[in-house]
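When a ligand or atom number is given, it counts from 1 through the structure's own listing order. If you're wondering where the values come from, they're calculated on a predicted model, not measured in any experiment. Below, each value reflects all heavy atoms present in this structure, side chains not excepted, and no hydrogens, waters or symmetry copies.
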Amino acid sequence: MPIAENAAKIEERIQRACATAGRKRDEITLMGVTKFLAADKVEEAWRAGIRCFGESRVKEAAEKFESFKALHNIQLHLIGSLQRNKAKTAVLFFDCIQSADREEIIAELAKHSAVRGRPLDVLFELHTGEETKSGFADMDAVFRSAQMVLESPHLKARGLMTMAPFTQDTALIRKSFRQVVSAQKELERRFPPKENWECLSMGMSNDFEIAVEEGSTMLRIGSLLFK
Ligand SMILES: *Cc1c(COP(=O)(O)O)cnc(C)c1O
């Protein structure tokens, strides 16, 4: 299927979910997740109106996006787990690291981001039940990490990210998203201003409507967009 057709169908569903939830469509960004896909799919998605892209590996993203990013005004986010020895390269290519999931990696990002012209956006990934073990499981570690990001002149806290469990059980998915919203409230209280925490990156191909209903501001869609 042409990506533009898939995008139009997804767009319709997002608008319907917004109407159901009483939300404005412009509060939500649709990210195209292009991991494992060839560069021509990135081009096609761009022509279909996608302006925010997610990749899960630093090397793959660098190869695919280096020249594309120089020519197009897009946002590129890292959504996969970051290894420490890749942080130095990651800060050069990504506008946002959504998968910040441990203090060690935040220290590494803070150290290397000084070479950037402007601060690097960071989201904290929370583990809320997905099968893989990625994400913070412990809020105290999130608080310590938040402190580190807010103290760094080269990093900018933006909010939270999660992957819900891959299941048909919508109650479980909802629970996972609500956990993120409750963490957001706690962070807003402890580390104002609210603006530090306004991005909620949650919702994938199989659960994005629930995510919209629960307050997501960024949907990360791969398989449904590129099928
Ligand atoms: C692959 C991936 C996505 C996209 O998943 P789909 O189910 O293909 O939409 C979103 N977020 C993360 C972190 C991913 O790794």
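- Heavy atoms of Gln98 found under 4.0 angstrom from ligand 1: none, in either backbone or side chain.
- Under a 4.0 Å criterion applied to the non-hydrogen atoms of Ser223, ligand 1 contributes the atoms 6 (P), 7 (O), 8 (O), 9 (O).
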Would Lys185 and Glu188 count as a salt bridge (charged side-chain N to carboxylate O under 4.0 Å, His left out) if you check the C-alpha gap in whole Å, the side-chain angles of each, and the deciding distance to 0.1 Å? CA-CA 5 Å; Lys185 294 212 171 85; Glu188 284 172 357; over 6 Å; no
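- For the ring-ring contact (aromatic ring centres under 6.0 Å, His included) with Phe65, the lone residue among Phe53, Phe94, Phe93 that qualifies is Phe53.
- With respect to Asp95 and Lys156, no salt bridge is recorded, no charged nitrogen being found less than 4.0 Å from a carboxylate O.
- Contact check on Glu12 versus Arg16 returns a salt bridge, with a Lys/Arg side-chain nitrogen under 4.0 Å from an Asp/Glu carboxylate oxygen.
- From the protein, the heavy atom lying nearest to atom 11 (N) of ligand 1 is Arg220 NE, 2.8 Å.
- Under the 4.5 Å side-chain criterion, counting only non-hydrogen atoms from C-beta, Lys59 is not in contact with Lys86.
- The shortest N or O to N or O distance between Met204 and ligand 1 is not under 3.5 Å.
- Residue-to-ligand polar distances keep Ser56 apart from ligand 1: every N/O pair is separated by 3.5 Å or more.
- Each of the atoms 9 (O) of ligand 1 lies under 4.0 Å from some heavy atom of Ile221.
- In terms of protein heavy-atom proximity, atom 1 (C) of ligand 1 is closest to Lys35 NZ, 1.4 Å.
- No option in Cys52, Cys199, Ser201, Ser216 other than Cys52 meets the side chain to side chain contact (heavy atoms under 4.5 Å, CB included) test with Thr29.
- The protein heavy-atom contact nearest to atom 9 (O) of ligand 1 is Ser205 OG, 2.5 Å.
- If you run side chain to side chain contact (heavy atoms under 4.5 Å, CB included) between Leu225 and each of Ile50, Val33, Thr34, only Ile50 comes through.
- Among protein heavy atoms, the minimum distance from atom 12 (C) of ligand 1 is reached at Ile79 CD1, 3.5 Å.
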